**Q** 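Handing you this structure, nothing more for now.
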Amino acid sequence: QVQLVESGGGLVQAGGSLRLSCAASGRTFSYYHMGWFRQAPGKEREFVAAISLSGSTTYYADSVKGRFTICRDNAENTVSLQMNSLKPGETAVYYCAAKHGSGGMSQDYDYWGQGTQVTVSS
């Protein structure tokens, strides 16, 4: 089992920034491809970003490219998502997820956090 705990959500004005963090425990963190997803009210969950086991490769949804940055620290068992230039339409619950092995832009993950709310006001 892998336990994932997100933090860093909150209320921000449009154009502002937030940094989400996800702390992992339970298994060897470096064996897991990590991703961030979000789900807005009444909408399907969508992929936001992912990062490879070593952190050398990152993947982004087209809608966040150039504004969001994912990174990981395998020594600290954490993955972060820096979000800049946030838009009101990005209000959602943001979830951290772990997938054993490689993952690319897969949406098939093994473990999920409980989510953290991000609200972007206009």
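This one's a predicted model, so the numbers in the text were calculated from it and none came from an experiment.
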**Q** In Å, rounded to the nearest 0.5 Å, how long is the span from CG of N84 to OG1 of T69?
**A**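 N84 atom CG to T69 atom OG1 measures 6.5 Å (nearest 0.5 Å).
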**Q** S106 and F37: which non-hydrogen atoms are nearest, and at how many Å?
**A**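 Scanning both residues completely, I find the closest heavy atoms to be O-CZ, 4.0 Å.
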**Q** For a quick test of reading the model, state the closest non-hydrogen atom pair linking Q1 to Y111 and the distance between them.
**A**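 Looking at all heavy atoms of both residues, the shortest contact is OE1-CE2, 3.3 Å.
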**Q** Contact between C96 and V79 at the side-chain level, heavy atoms closer than 4.5 Å - yes or no?
**A**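 SC-SC contact between C96 and V79 confirmed.
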**Q** Kindly confirm or rule out a cation-pi arrangement of R38 over Y95, judged by NZ or CZ under 6.0 Å from the six-membered ring centre and within 45° of its axis?
**A**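 Pair R38/Y95 does not count as cation-pi.
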**Q** About how many Å separate CG of N77 and CZ of R27, when rounded to the nearest 0.5 Å?
**A**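 Reported value, rounded in 0.5 Å steps: 13.5 Å.
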**Q** How far does OG of S17 sit from CE of M83, to the nearest 0.5 angstrom?
**A**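 Reported to 0.5 Å precision, the distance equals 8.5 Å.
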**Q** Compute the centroid of each ring, for F47 and then for W36, and state whether the two points are separated by less than 6.0 Å.
**A**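 Centroid distance F47-W36: not below 6.0 Å, so no.
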**Q** Looking only at the side chains, is there a donor atom on one of T78 and D73 sitting less than 3.5 Å from an acceptor on the other?
**A**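 Note: T78 and D73 side chains miss the donor-acceptor criterion.
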**Q** Looking only at non-hydrogen atoms, find the nearest pair between A50 and Y109 and report the distance.
**A**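 Shortest heavy-atom contact: CB-OH, 3.6 Å.
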**Q** Answer with yes or no whether the side chains of T28 and S30 bring together a donor and an acceptor at under 3.5 Å.
**A**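 Looking only at side-chain atoms, T28 and S30 do not form any donor-acceptor pair under 3.5 Å.
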**Q** Report yes if some heavy atom in the side chain of Q114 is under 4.5 Å from a heavy atom in the side chain of E6; otherwise report no.
**A**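 Of all side-chain heavy-atom pairs linking E6 with Q114, at least one is under 4.5 Å.
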**Q** So, for S52 and S56, which heavy atoms are closest and what is the spacing to 0.1 Å?
**A**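 Shortest heavy-atom contact: OG-N, 3.3 Å.
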**Q** Quick one: sort the Y59 and H33 rings into parallel, tilted or perpendicular, breaks at 30° and 60°.
**A**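 It falls in the tilted class, 30° to 60°.
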**Q** Say whether, by atom type as modelled, one donor and one acceptor occur between the side chain of T91 and the main chain of V120 under 3.5 angstrom.
**A**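 Here the side-chain-to-backbone pair exists.
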**Q** V118 pairs by side chain to side chain contact (heavy atoms under 4.5 Å, CB included) with which of V93, L81, L20, L11?
**A**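 Option passing the side chain to side chain contact (heavy atoms under 4.5 Å, CB included) with V118: L20.
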**Q** Could you tell me which non-hydrogen atom of G101 sits nearest to which non-hydrogen atom of L53, and how far apart they are?
**A**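 Minimum heavy-atom separation between G101 and L53: O-CD2, 3.3 Å.
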**Q** Between the side chains of E90 and R67, is the shortest nitrogen-to-carboxylate-oxygen separation below 4.0 Å, so that they form an ion pair?
**A**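 Yes.
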**Q** May I ask you to decide if A14's main-chain N or O and K87's side chain share a donor-acceptor pair within less than 3.5 Å?
**A**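 Side chain of K87 to backbone of A14, a donor-acceptor pair under 3.5 Å: no, none is there.
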**Q** Hey, what's the ring geometry for Y94 with F68, parallel, tilted or perpendicular (30° and 60° as the breaks)?
**A**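 Rings of Y94 and F68: tilted, as their planes differ by 30° to 60°.
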**Q** In terms of hydrophobic clustering (I, L, V, M, F, W, Y; side-chain heavy atoms under 4.5 Å; direct or indirect links), are L4 and F29 co-clustered?
**A**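 As far as the 4.5 Å side-chain criterion goes, F29 and L4 are connected within one cluster.
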**Q** C71 and I51: which non-hydrogen atoms are nearest, and at how many Å?
**A**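 Closest heavy-atom pair between C71 and I51: CA-CD1, 3.6 Å.
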**Q** Flag the pair I70 / R72 as yes when at least one side-chain heavy-atom distance between them is below 4.5 Å, and no otherwise.
**A**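 They are not in contact (no side-chain heavy atoms under 4.5 Å apart), so the answer is no.
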